[in-house]
Structures are given as C-alpha cells and as structure tokens.
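Here is the structure we will look at, set down as structure tokens.
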Protein chains: 2
Amino acid sequence: MSRAEQKERTRRAIINAAFSQLSADKSFASLSLREVAREAGIAPTSFYRHFADMDELGLTLVDEAGLMLRQLMRQARQRIEKNGSVIRTSIETFMEFVTGHSNVFRLLLRERSGTSAAFRSAVAREIQHFVAELAEYLRKETTCPDELARAQAEAMVTLVFHTGADALDAPSDQYAYLTSRTITQLRWLAHGAASYGRKHKD
Amino acid sequence: MSRAEQKERTRRAIINAAFSQLSADKSFASLSLREVAREAGIAPTSFYRHFADMDELGLTLVDEAGLMLRQLMRQARQRIEKNGSVIRTSIETFMEFVTGHSNVFRLLLRERSGTSAAFRSAVAREIQHFVAELAEYLRKETTCPDELARAQAEAMVTLVFHTGADALDAPSDQYAYLTSRTITQLRWLAHGAASYGRKHKD
DNA sequence: AAAATGAGCGAACAGTTGTAAGCTAAAGCG
DNA sequence: CGCTTTAGCTTACAACTGTTCGCTCATTTT
C-alpha cells in the first residue's frame, strides 16, 4: 500500500473514532486526544502526524457534517421534483437525517453555540447554505423582495433546525407530531409573508 | 454571624464564582470544581459541604437563570401595559436581558442541547413557562384553538430565543436589525396563523 | 544501492483533575 | 460550662490530560 494511501486511511480512522465517540452525553469538547487515538488504534503521539490539535480535528468534523447536510439538500430537491409537496418533503428528509445521523446533527447543534468562535462560525456558514438556497427558491416562487425572502428563509430554517433538536430528546412516536406541527408553522410563515407583502405593496 | 447565615454566604460565593467564570469561551462543562472553589475563596474539599458534585451546582445555576427569565417576563408585562406594542416590547425586553446577562443566557442556550439530560430538561422546563404564558395570551387575544395557539407560541419563542443567540455573536450595531427582522417574522406568524385559522374554519 | 523522508511508537514529564481521610475551631445547645 | 455539630482546612493519592523527545523502519527518492 502506498504511503499517502495509508496515511489517509489512519486519518479516516481518527475522524471515524471521533464521530463514533460523540453521543447524547458526550460532546466534542469532552473528547480527549488520547481517547480518540486509542479508539483509532494509534499511539497518542501519532495523532499529531495528522492534526495540529483537537481543534483542527473538530473543524474537520464540522466540515464533513456540512458536506452531509448539502448531500441531504440535493436529495431533498430530487424528492421534491417527484413528489411535489415542498414543505413536507423537506422536513421529512431533514428528520431522516437527524435520526439517521444523530451524532452528526448533535455536533452541529452544539457547536453552533459552543465555546470556540471558529466552530461557531463554521457551523453558521454551513447553515447559511441552507438559508441562501431556500431564500433563492422563495424569491423565484413568490413575489417577495430579496430582503424579506431571506428573513423568511431564516425563520424557516430556524424552526426546522429547532424541531430536529426537539426530536433528539423526544420518543420516536412523537416524530409524526413534531413534523406536522412544524409544517403548520412553516405554512403560517409562508402565508403570512405572502399576504403581509401584498399589504405592503398596495 | 450565625452559622446558617455564614453557610448561605459561602454558598452564594460558589454560585457567583461559577456564574462569573462562564463566558463566550468557557461553558459550564469546562468549569472545574477546583477553579470554582479557588474563585469562591474556599478549599476544594469545602465545596462538598454545599453541593454533592458539579452537576448539583449546575442545576442550581439553571434554576437561578430561570428565575431571572421569569422576572423578565413580569417586567415585560408591565411595560406592555404602559406601552401597548406587544411584540416589539417583548423582544426589546428580551434583548436587554441577553445583552445585560449574556453569561446567564449563554448557560441556558448551551445546556438546552448539552450533555446532561437533567440539564436539558431543566432548561426545557424554564422555556416552557414562556411558551405557556404566550400561548394563553394568544388564546385570549385571538380566536385560535388551543392546540394551534401552543404551536404558534412555540414558534415565536423559538424565533426570539434564536435571535438572542445571534446577538451574542453579532456586533452591537446589528441589534436593531436583528430586532426588526424578528418583529417581521413574528408578525408573519401571527398574520398567517390568523388567516390560516379562518380558512380552516370556513 | 545509498540516502532521505516521514508515519508510528514508547517513555517520560509536568500539570491538572476529583475526591477521601482526618484535623481544627467556632457555633449551637443541654 | 461541657458536649455535639459542622464549615472549612491541609495533606494525600490515583487517574487522567496534552505534549516533547528520540527512536525504528518501511517507503520513496536520488
């Protein structure tokens, strides 16, 4: 096996070890370099061959989490084309992500308000992708001025994200309720923004 | 000085020390018993005379934070009676709290999705007070059915809370924008809920 | 074939942490 | 006044942490 290839392999082992140690009661901040190294099957000091410190690993994790989110978005778009129902499809896709990769979602959720400014802005950047894409959609679909489309998109993403957080602590038989509640909230927003916009125009 | 009195005094010293060590880059989880004891001016082992462990202290902090929130709500009600504008007054009062007691707000914000289930549900309980009160107001003021009033209140609280989180990382000259953006979002919600409710009735 | 590179390792260090055991001295109480 | 209670202290220990140093040895380069 080539050297670069092997290096990439243990790099992945480190990343996977870190992800797998995240859980409901273990945040990234509470991971230790030694624990991660142990699970990755390397000596603690070998960690430094791949990352300068835990922060650098953390930023990598956030990046990967963002990647998954964007893949999710693409998947949602495909489903919408076939399915039609924009709001419901989007939320259901998102909820599948939350339940299927809860550790990844938890990482974003926690680091969004965590103790590292770098982490916070990295997460914020990933979420902004969501917002920007949704805002563009709203701008096309409705007759909303740019500024308001963005505010509407931000509110929607906030509500959906928050519902994901709720789902993490709720028994799974609550998911259907959480989903339908959020759908209602988003419809209110869309409805209100449309009629409020009209009112402003007239 | 009486014994009980003195005990209460150092208990407060511990609580205050903990609060004062919280900051943008230091969460409760990253506080150590020894650090807190040091700042409180007692020996590390004396800590145990007041709390069984750090978790017990943490729950106390969350309780106190919740108390401040409820005081805030009362204050907001008073202002509304004089001022009239419900939405704007509520948000502005809340934003004053966020900026004036940012450590306290950060505690709630972080522990809401933290690693301790006990903390999470303690924070959730405090937020539910907000939601319940707002839902009751909406039920009286509008002709909304109970279930929908609650969903509307939850959405509103979510948006306001999230705006507070945004404010923590935004330069202070952005506060006015954040506030007015949120006001718009809440109006959309109210408007949408009202007309959507009507539509459902007909 | 010889030299250079670099991933991984073990040992060691200095620092921190939570917590147990036992003492002191002041307050409360009969 | 004597006895009990208890907040706070000092000392101590075992467990961990991140990180430095110097080594090995397989791969790559010259």
Side-chain angles (χ1 to χ4, degrees), chain A residues 1-23 25-62 107 110-111 114-119, chain B residues 1-23 25-62 107 110-111 114-119:
Chain A
M1 190 179 338
S2 99
R3 192 123 92 170
E5 202 175 344
Q6 174 57 33
K7 178 162 186 180
E8 180 56 25
R9 197 176 286 240
T10 82
R11 187 188 142 94
R12 280 244 56 93
I14 293 174
I15 293 176
N16 292 339
F19 266 128
S20 91
Q21 295 198 356
L22 294 178
S23 71
D25 20 55
K26 200 140 196 178
S27 71
F28 179 78
S30 67
L31 295 188
S32 85
L33 185 152
R34 289 178 106 106
E35 264 181 311
V36 171
R38 207 174 303 139
E39 177 152 342
I42 61 174
T45 53
S46 301
F47 179 94
Y48 295 105
R49 301 284 183 201
H50 302 270
F51 301 96
D53 51 26
M54 284 294 282
D55 279 8
E56 202 173 295
L57 170 60
L59 288 176
T60 305
L61 295 191
V62 172
L107 177 75
R110 285 175 175 158
E111 299 309 327
T115 55
S116 155
F119 280 36
Chain B
M1 191 179 336
S2 98
R3 193 124 90 166
E5 202 176 343
Q6 173 58 30
K7 178 162 185 181
E8 180 57 25
R9 195 176 287 237
T10 82
R11 187 188 140 95
R12 281 243 58 91
I14 293 175
I15 293 175
N16 291 339
F19 266 128
S20 91
Q21 294 197 358
L22 294 177
S23 72
D25 17 58
K26 200 140 197 179
S27 70
F28 179 78
S30 67
L31 295 188
S32 84
L33 184 152
R34 289 179 106 105
E35 265 181 310
V36 171
R38 210 174 302 139
E39 176 152 343
I42 60 173
T45 52
S46 301
F47 179 93
Y48 296 105
R49 302 284 184 200
H50 303 270
F51 301 96
D53 50 26
M54 284 294 281
D55 279 9
E56 202 172 295
L57 169 60
L59 288 177
T60 305
L61 295 191
V62 172
L107 177 75
R110 286 175 173 156
E111 298 310 327
T115 54
S116 155
F119 281 36

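We use all heavy atoms of the structure for the numbers below, so side chains are in, but hydrogens, waters and symmetry mates are not. So you know, we letter chains A, B, ... as the sequences are listed, proteins then strands, and number each from 1. The shown structure was predicted, so the numbers you read here are calculated from the model rather than taken from an experiment.
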For nucleotides 19-29 of chain D, which of its nitrogen or oxygen atoms have a protein nitrogen or oxygen under 3.5 Å away, and what is each distance?
{"from": "dT19(D)", "atom 1": "OP2", "to": "Y48(A)", "atom 2": "OH", "distance (Å)": "2.7"}
{"from": "dT19(D)", "atom 1": "O5'", "to": "Y48(A)", "atom 2": "OH", "distance (Å)": "3.3"}
{"from": "dT19(D)", "atom 1": "O4", "to": "R34(A)", "atom 2": "NH1", "distance (Å)": "3.4"}
{"from": "dT28(D)", "atom 1": "OP1", "to": "R3(A)", "atom 2": "N", "distance (Å)": "2.9"}

Identify, between S32(A) and A43(B), the residue whose nearest nucleotide on DNA chain D lies closer to the 5' end. A43(B)
Residues passing the side-chain hydrogen bond (donor to acceptor under 3.5 Å, both in side chains) test with S27(B), sequence neighbours excluded, are none
Excluding sequence neighbours, so at least two apart, what forms side-chain hydrogen bond (donor to acceptor under 3.5 Å, both in side chains) with S30(B)? none
Not counting sequence neighbours, which residues clear side-chain hydrogen bond (donor to acceptor under 3.5 Å, both in side chains) with S116(B)? List them please. none
Length of the CZ-P vector between R38(B) and dG8(D), whole Å: 18 Å
Apply side chain to side chain contact (heavy atoms under 4.5 Å, CB included) to A117(B) and list each qualifying residue two or more places apart in sequence or on a separate chain. R120(B)
If you assign each of L31(B) and T10(A) to its closest nucleotide in DNA chain C, which residue comes earlier from the 5' end? T10(A)
Just to verify, what does S46(B) make a side-chain hydrogen bond (donor to acceptor under 3.5 Å, both in side chains) with, not counting sequence neighbours? none
Minimum heavy-atom separation for F119(A) to L59(A), with atom names? CD1-CD2, 3.6 Å
For chain A, the stretch of DNA chain C it reaches, first to last nucleotide, under 4.0 Å of its heavy atoms: dT5(C) to dA12(C)
Please report, to 0.1 Å, the donor-acceptor pairs under 3.5 Å made by any side chain of residues 12-22 of chain A, with sequence neighbours excluded.
{"from": "R12(A)", "atom 1": "NH1", "to": "E64(A)", "atom 2": "OE2", "distance (Å)": "3.1"}
{"from": "R12(A)", "atom 1": "NH2", "to": "E64(A)", "atom 2": "OE1", "distance (Å)": "3.2"}
{"from": "N16(A)", "atom 1": "ND2", "to": "R12(A)", "atom 2": "O", "distance (Å)": "3.3"}
{"from": "S20(A)", "atom 1": "OG", "to": "A17(A)", "atom 2": "O", "distance (Å)": "3.2"}
{"from": "S20(A)", "atom 1": "OG", "to": "E39(A)", "atom 2": "OE2", "distance (Å)": "2.4"}
{"from": "Q21(A)", "atom 1": "NE2", "to": "E35(A)", "atom 2": "O", "distance (Å)": "3.4"}
{"from": "Q21(A)", "atom 1": "NE2", "to": "E39(A)", "atom 2": "OE1", "distance (Å)": "2.9"}

Calculate the interatomic distance between F51(B) atom CZ and dG8(D) atom P; express it in whole Å. 12 Å
Note the angle between the end axes of the helix from dA1(C)-dT30(D) to dG30(C)-dC1(D), five pairs defining each, rounded to 10 degrees. 10°
Euclidean distance, F47(A) CZ relative to T10(A) OG1, rounded to 0.5 Å: 10.5 Å
At their closest point, which heavy atom of V62(A) faces which heavy atom of L107(A), and how far apart are they? N-CD2, 4.0 Å
What salt bridge (Lys or Arg N to Asp or Glu O under 4.0 Å) pairs are there with at least one residue in residues 47-60 of chain B, not counting sequence neighbours? none
Would you please test Y48(A) and L33(A) for side chain to side chain contact (heavy atoms under 4.5 Å, CB included) and show each step? CA-CA 10 Å; Y48(A) 295 105; L33(A) 185 152; 3.5 Å; yes
Please determine if a side-chain N or O atom of S46(B) lies less than 4.0 Å away from the OP1 or OP2 oxygen of dA7(D). no
